[in-house]
There are 2 protein chains.
Amino acid sequence: MPYRAVVSAELAKLFGVLSHPIRIRILEELKKEDLTVGTLKDMLGITHSAVSQQLAVLRSNHLVVEMRQGRNVFYHLRRPELATWIMDGVSFISPDASEVEKMISAIQSAKSAWGDEKKAPPRRKKRGA
Amino acid sequence: MPYRAVVSAELAKLFGVLSHPIRIRILEELKKEDLTVGTLKDMLGITHSAVSQQLAVLRSNHLVVEMRQGRNVFYHLRRPELATWIMDGVSFISPDASEVEKMISAIQSAKSAWGDEKKAPPRRKKRGA
DNA sequence: TGTACATTTATAGATATGCTAAAGTTTGCA
DNA sequence: TGCAAACTTTAGCATATCTATAAATGTACA
């Protein structure tokens with residue numbers, strides 16, 4: 001039984017889902033609180049269609065859950081530890097030498113924004129943020 | 001400055017590199033010891049060309065280092081913690097319902113083979129993914 | 001040298017992914 | 001009912017990735 005092949009394939013699929021900047025940003029933002037498509041669209045500065053399509057990918061891979069609330073659809077991160085684990089991956093990235101300076105400060109900003117911020121128990125939320 | 005975008009993009013790139021079963025298997029095997037293309041080819045059961053192409057991806061992303069030794073080229077995992085971190089991702093995979101049983105045992109086999117081997121005596125396993 | 005061995009690079013067709021724009025759904029409310 | 005808001009889905013196209021095959025490079029050694 002090629003268990004190694006099985007596990008590697010599943011991991012590869014997971015990594016494939018995570019191999020898009022927008023999807024990563026969505027997961028990191030959802031770590032803090034449940035958000036609607038409209039809110040995410042504003043945060044990310046892309047069309048609602050694009051947001052929705054990326055959410056569909058995350059949804060079909062069971063990383064997020066949708067919760068309808070009236071006309072809005074809130075998205076919820078199933079396993080908040082996922083966002084933490086993703087950020088741990090930052091120590092393995094290797095930016096171009098020319099951009100090292102920028103990257104280092106960007107990483108620190110991202111870490112403090114996504115890594116340390118506290119997270120409240122998800123419930124109905126308002127727009128804004 | 002869109003530091004979030006910068007970091008997300010770099011992470012996405014890393015995940016993209018990891019989003020292939022062969023590349024994951026290579027990294028896990030290299031965790032234990034440096035290996036040549038020929039050895040990897042036998043372990044993975046694919047052509048030497050395919051191995052080399054995947055190694056080129058890992059190499060150009062600085063995850064492995066090549067070390068020529070006569071006619072052979074040994075590959076070395078730059079950051080062994082990377083393999084550990086990758087395996088931690090196993091807790092976020094979501095296999096098809098029909099394959100859950102198989103996956104659970106495959107995961108445990110993989111964990112003991114890649115996770116514990118050459119380090120400490122087999123520990124008690126928990127968590128079922 | 002020449003040749004066998006180990007590995008890398010080049011190429012091409014098939015597949016997959018992502019974006020834009022447009023159409024389709026569901027819900028709330030007058 | 002009918003209409004608008006908030007989303008999702010579909011379609012088409014451009015781009016990226018994968019796999020396999022073929023050719024090229026580099027090294028050891030007779």
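The structure displayed is predicted, hence computed values, not measured ones. Chain identifiers are assigned alphabetically (A, B, ...) following the order of the sequence lines, protein sequences preceding nucleic acid strands; residue numbering begins at 1 within each chain. Scope of the values below: all heavy atoms of this structure, side chains included, with no hydrogens, waters or symmetry mates.
- When rounded to the nearest whole Å, the span between CD1 of B:Ile22 and C1' of D:dA20 equals 14 Å.
- Nearest to the side chain of A:Thr47, among D:dC7, C:dT20, C:dA10, sits C:dT20.
- Atoms CD (A:Gln54) and C1' (C:dC19) sit 9 Å apart, rounded to a whole Å.
- Computed from coordinates, the B:Leu58 CG to D:dT17 P distance equals 14 Å when rounded to whole Å.
- With hydrogens and angles disregarded, a donor-acceptor distance shorter than 3.5 Å links the side chain of B:Arg23 to the backbone of B:Val17.
- Protein atom CG of A:Leu55 is 13 Å distant from nucleotide atom P of C:dC19, rounded to whole Å.
- Proximity note for B:Ser52 (side chain, C-beta onward) versus C:dT20, D:dC7, C:dT8: the nearest is C:dT8.
- To the nearest angstrom, C1' of C:dT17 lies 19 Å from NZ of B:Lys13.
- Within the 4.0 Å cut-off from OP1 or OP2 of D:dC7, at least one side-chain nitrogen or oxygen of A:Thr36 is found.
- Applying the 4.0 Å criterion to OP1 and OP2 of D:dA5, one finds that A:Asn72 has every side-chain N and O outside that range.
- Here the side chain of A:His48 is nearest to one of C:dG18, C:dT9, D:dC7, namely D:dC7.
- For the pair B:Ile46 CD1 and C:dT7 C1', the interatomic distance rounds to 14 Å; values are reported in whole Å.
- For a distance-only test at 3.5 Å, the side chain of B:Ser49 qualifies as a donor-acceptor partner of the base of C:dT9.
- Nearest heavy-atom pair across A:Val37 and A:Tyr75 is CG2-CE1, 3.9 Å.
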With the criterion being N/O to N/O and under 3.5 Å, what pairs connect the protein with nucleotides 25-30 of chain C, and how long is each?
none

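- The distance from the CZ atom of B:Arg79 to the OG atom of A:Ser91 is 5.0 Å, given to the nearest 0.5 Å.
- Using a 4.0 Å cut-off between charged side-chain N and carboxylate O, B:Glu10 and B:Lys13 make a salt bridge.
- Between C:dT8 and B:Tyr75, a contact under 4.0 Å exists linking OP1 or OP2 to a side-chain N or O.
- Candidate nucleotides C:dT20, D:dC18, C:dT9 were compared by shortest atom distance to the side chain of B:His20, and D:dC18 ranks first.
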request  = May I have the step-by-step check of side chain to side chain contact (heavy atoms under 4.5 Å, CB included) for A:Leu55 and A:Leu40, ending in yes or no?
outcome  = CA-CA 10 Å; A:Leu55 283 168; A:Leu40 282 166; 4.2 Å; yes
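- Computed from coordinates, the A:Ile26 CD1 to C:dG18 C1' distance equals 13 Å when rounded to whole Å.
- Atoms CG and OG1, from B:Leu27 and B:Thr84 in turn, are 11.5 Å apart once rounded to the nearest 0.5 Å.
- Of the possible polar contacts, none joining the A:Ser52 side chain to the A:His48 backbone as a donor-acceptor pair under 3.5 Å is found.
- Remark: the backbone N or O of B:Ala5 is not paired with any side-chain donor or acceptor of B:Ser8 at under 3.5 angstrom.
- Checked against C:dT9, D:dA11, D:dT8, the side chain of A:Arg59 finds its nearest nucleotide in D:dT8.
- Protein atom NZ of A:Lys41 is 14 Å distant from nucleotide atom P of D:dT8, rounded to whole Å.
- If A:Val73 and A:Gln53 are placed on DNA chain D by their nearest nucleotide, the residue sitting closer to the 5' end is A:Val73.
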